Amino acid sequence: MFDQVSLSDFPPDVALSWKRSHERGLKPDDKADDQIITGTLIKELIDRHRSLVSHAETVFSKLYPVIRQFGCVVFLTDREGTILYASGDAEFANRAAQVQLQVGANWHESRKGTNAIGVAIEEKKPAFVRGSEHYFVENRFLTCASAPLYGKNGDFLGVINISGLHDRFHPVIATFAPLAAELLQNRFMIEEMEKEQLITLRQLEAVSDHHPLPLLTLDADRRVTGANRAALRLLGEDCLGQTFSPKSHFQVIPIKDETQRVYRSVAIGTSHSREKASRQERGPYTFADIYGECPAILRAKELARKAAGSSLAVLITGESGTGKELFAQAIHAASGRGPFVAVNCSAIPDTLIESELFGYEKGAFTGAQKEGSPGKFVAANGGTIFLDEIGDMSLRAQAALLRVLQEKTVTPVGSAVARRVDVRVIAATHRNLPAEVQAGRFRADLYYRLKGIILHLPALRERSDLRQLAGHLLRKHADTPAELSPEALDKLCRHSWPGNIRELLAVLQQASFLAEGAVIRPEHVIIDEPAMRDDAPTSLRCHEQKAIEEALLATGGNISQAARLLHIGRNTLYRKIKSYGIRLGPEADKGHLRM
Ligand SMILES: Nc1ncnc2c1ncn2[C@@H]1O[C@H](COP(=O)(O)OP(=O)(O)OP(=O)(O)O)[C@@H](O)[C@H]1O
């Protein structure tokens, strides 16, 4: 049927697409239909898909380093195949634009013949179309991988497509299309949650870190209200709206809000998630969840344990992602108090902060729930309130908070009756509060009330146990736990980690995904280049730690010989071994020190 082309050499979905293209009267040597929409039309189309495009911007920006490194571009299309958004390597983008693989162009099979976007739309499953498998000759320099994108209710939304030059296309890149689609889909689910309960979102987020896992939302009657692709595959496409009856391999975690009403449940499978699930069932993090071998973190843990035994207010400071909430939860868990209620002060609009914290009477203001709301302080009565990002509170809200801390009573908005509350306050901020006080942006009297015990958490670049921490996080959180090669560890050590442990965790999860269960090599560790700093203080410490580890390996753990090799005294070496948390054990013989 086709000159020089044998369809039996093609994968079945590609061969079928060639047949459809032929039946549509398309000719391989013709020019493809190159109509492209621009100007106000494309603006209107993007506006109509605003939410989809903005989620794609976030997901694509995470993928950007790897996509660019492989000389590819990632595209988002609508359900008809019109490209709405693209991101990636500029040189390839220019080449792709010559065949209208660009924003505004439509890549439906009826226009462009066999191509990955078109096949994914027709088949509603991932598609991989390599070089000469493209129907039109002019597109055969391309290799493309696509995956369909679904909404919360299983409705088809569009396609994620990754394209590159056929000669340079690395097969691992193809796996990123379904991954990006899955990530985008989970963001939709989470967005939906956000409208209902912030607390649900936070917990869901923790679970959805492991995005290929089945993820469900159930309403109070256990009806399935949302499901990602992985869950739909397990439960069947028709599970939405049906009552969920857990099978043995599912763990169901009810998510409650602070008034103990069950809003949503999440059901997840696999042994890894089960471990996480049981932790969530047990309640908040404990000190056992806080990993640290460097003196700074051990000191912080020690102080936090003491804080748990007192009822003083605690102020936790540290950069974003250093573990402030983790510490707050651990202090609470060890204190044996009642509920733990977390409030992100920067996420609540100034006008709503009083009603959020102190509650409101029915009909107190327009938009209020009919029955009124008890507020976070009442919800935390007998327990702990965690005021995250306290440095971002407005002066007005600070004044109201100070009143509660002084008088130990809350008065709901619209009410004249004060209610007595017994709440332990743990506050956290990434800001320098004394400087904020100096600048007049934070009330000095509130600062003194909050800083009963000050707990400062070190930034990751200031910690000397990055190597061990990376190993620990990989074992605990990666979907397919893998080992880090020494070169990959060195690469981690050279980064300055502005996002701290949260950023490290994300990089490790991506690396273990790319390594597919094998040893993680430097090319699997994808870090934004601008943030790499060879002169970072962490780099110095890492080099010193590595030199010590190598000297110990070379001397079979003999301290005197190692100290001589390093030109330092034995006592200094002992001190450094202790401060870096290096363990002297049989592992030293294998070339991988214990992490
Ligand atoms: N010492 C630690 N051991 C293991 N995991 C940690 C540790 N510290 C932080 N993490 C993990 O790092 C991530 C970020 O921690 P957390 O949310 O507590 O940081 P944070 O300082 O409150 O961040 P932000 O200021 O942005 O809210 C979480 O996934 C947490 O479990």
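Each ligand, and each atom within it, is numbered from 1 in the order the structure gives. Numbering starts at 1 and runs along the sequence shown. Model, not experiment: these values are computed from the prediction.
Heavy atoms of D289 found under 4.0 angstrom from ligand 1 belong exclusively to the backbone. Contacts of H430 with ligand 1, taken as heavy-atom pairs under 4.0 Å, are absent altogether. When heavy-atom distances to ligand 1 are checked against a 4.0 Å cut-off, N500 has no atom that comes that close, whether in backbone or side chain.
Each of the atoms 18 (O), 22 (O) of ligand 1 lies under 4.0 Å from some heavy atom of E325. Set against the non-hydrogen atoms of Y291, the atoms of ligand 1 under 4.0 Å away are 1 (N), 2 (C), 3 (N), 4 (C). Counting atoms of ligand 1 from 1 in the listed order, those under 4.0 Å from a heavy atom of D388 are 27 (O).
Look at L457 and you'll find every heavy atom at least 4.0 Å from all atoms of ligand 1. For K476, the closest heavy-atom approach to ligand 1 does not fall below 4.0 Å. Within the 4.0 Å heavy-atom cutoff, G318 does not count among the residues contacting ligand 1. The closest approach between a heavy atom of Y285 and any atom of ligand 1 is below 4.0 Å.
Applying the side chain to side chain donor-acceptor pair (under 3.5 Å) test to D422 and every residue at least two apart in sequence or in another chain returns R337. For Q398, the side chain to side chain donor-acceptor pair (under 3.5 Å) criterion is met by no residue, not counting sequence neighbours.
Checking H456 against T317 by side-chain atom types alone, a donor-acceptor pair falls below 3.5 Å. Under 3.5 Å, the side chains of E293 and H472 contain no donor-acceptor pair of N or O atoms. E319 and N500 share a donor-acceptor pair across their side chains, judged by distance under 3.5 Å alone.
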task: Report the C-alpha separation of E354 and R396 in whole Å, then their side-chain angles, then the decisive distance to 0.1 Å, and conclude whether the salt bridge (Lys or Arg N to Asp or Glu O under 4.0 Å) test is met.
output: CA-CA 9 Å; E354 286 180 57; R396 192 187 113 169; 3.1 Å; yes
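Of all non-hydrogen atoms in I390 and A427, the two that sit nearest each other are CG2-CB, 4.1 Å.
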